[in-house]
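Please read the structure below before turning to the comments.
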Amino acid sequence: MSHRVCSIVMAVVYSLGLFGAMVHTSCMSLLSFCGSHTVSHYFCDILPLLTLSCSSTHVNEILLFIIGGVNTLAPTLAILISYAFILTSILHIRSTEGRSKAFGTCSSHLMAVGIFFGSITFMYFKPPSSNTMDQEKLSSVFYTTVIPMLNPLIYSLRNKDVKNALRRVVVGRQSS
């Protein structure tokens, strides 16, 4: 990718992020809050703030669905299109060893991305009536903490030494 294209992609991503944050912040500032002002959550997110509001949050929920949909759908489509091109390239590799290595690399990345986007989709794309704070806390901890911690493990499983060490640990526990 050329420097110009990279700069354009970066500018678009930052602009969309800024736009989404400004829309959510401005719409959130129109809500009235009563009762407790304590956010019972892992971090200050939009969904827990909406539960504290005593005014209608219908517009905010629609915006969350639209902006969240774009923020989830666009990267997912980009990844799927990229992997379609990668898959066609892999299928043109003549050696089975090379093809296997390429599939191993791609599968670890797809696993990490799938877990990340799956947990975000679970958190933000369910009806408001089914929202429970415990589920939201668990989901947010999962996509902010657990998945980034799993990334090194997922990617290191491509390394033969790590695979062998993991096998020794698993076999050692099974025989005990």
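Residue numbers start at 1 and run along the sequence shown. Keep in mind that the numbers below use all heavy atoms, side chains included, and drop hydrogens, waters and symmetry copies.
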Under 3.5 Å, side chain of [X] to main-chain N/O of [Y], donor-acceptor pair present?
{"X": "Thr72", "Y": "Gly69", "value": "no"}
{"X": "Thr25", "Y": "Ala21", "value": "yes"}
{"X": "Ser55", "Y": "Ser32", "value": "yes"}

Determine the minimum heavy-atom distance between Phe103 and Leu91, stating which atoms define it.
CZ-CD2, 4.3 Å
For the residue pair Asn71 and Phe117, what are the closest heavy atoms and their distance?
O-CE2, 4.5 Å
Which distance, rounded to the nearest 0.5 Å, do you find between the [atom1] of [X] and the [atom2] of [Y]?
{"X": "His92", "Y": "Arg99", "atom1": "NE2", "atom2": "CZ", "value": "10.0 Å"}
{"X": "Ile62", "Y": "Ile67", "atom1": "CD1", "atom2": "CD1", "value": "12.0 Å"}
{"X": "Cys27", "Y": "Glu61", "atom1": "SG", "atom2": "CD", "value": "12.0 Å"}
{"X": "Met149", "Y": "Thr144", "atom1": "CE", "atom2": "OG1", "value": "10.5 Å"}
{"X": "Leu63", "Y": "Met28", "atom1": "CG", "atom2": "CE", "value": "10.0 Å"}
{"X": "Leu50", "Y": "Ser56", "atom1": "CG", "atom2": "OG", "value": "10.0 Å"}

When you compare the side chain of Asn60 with that of Leu31, does any pair of heavy atoms fall below 4.5 Å?
yes
Indicate every side-chain donor-acceptor pair of residues 80-90 with a distance under 3.5 Å to a residue at least two apart or in another chain.
from  : atom 1 : to     : atom 2 : distance (Å)
Ser82 : OG     : Ala78  : O      : 2.8
Tyr83 : OH     : His109 : ND1    : 2.6
Thr88 : OG1    : Ala84  : O      : 3.4
Thr88 : OG1    : Phe85  : O      : 2.7
Ser89 : OG     : Phe85  : O      : 3.1

Let me check something: do [X] and [Y] share a hydrophobic cluster, defined by ILVMFWY side-chain heavy atoms less than 4.5 Å apart, either directly or through other members?
{"X": "Leu16", "Y": "Ile8", "answer": "yes"}
{"X": "Ile66", "Y": "Leu64", "answer": "no"}
{"X": "Ile46", "Y": "Leu73", "answer": "no"}

Can you tell me if Phe19 has over 12 outside heavy atoms packed within less than 6.0 Å of its CZ?
no
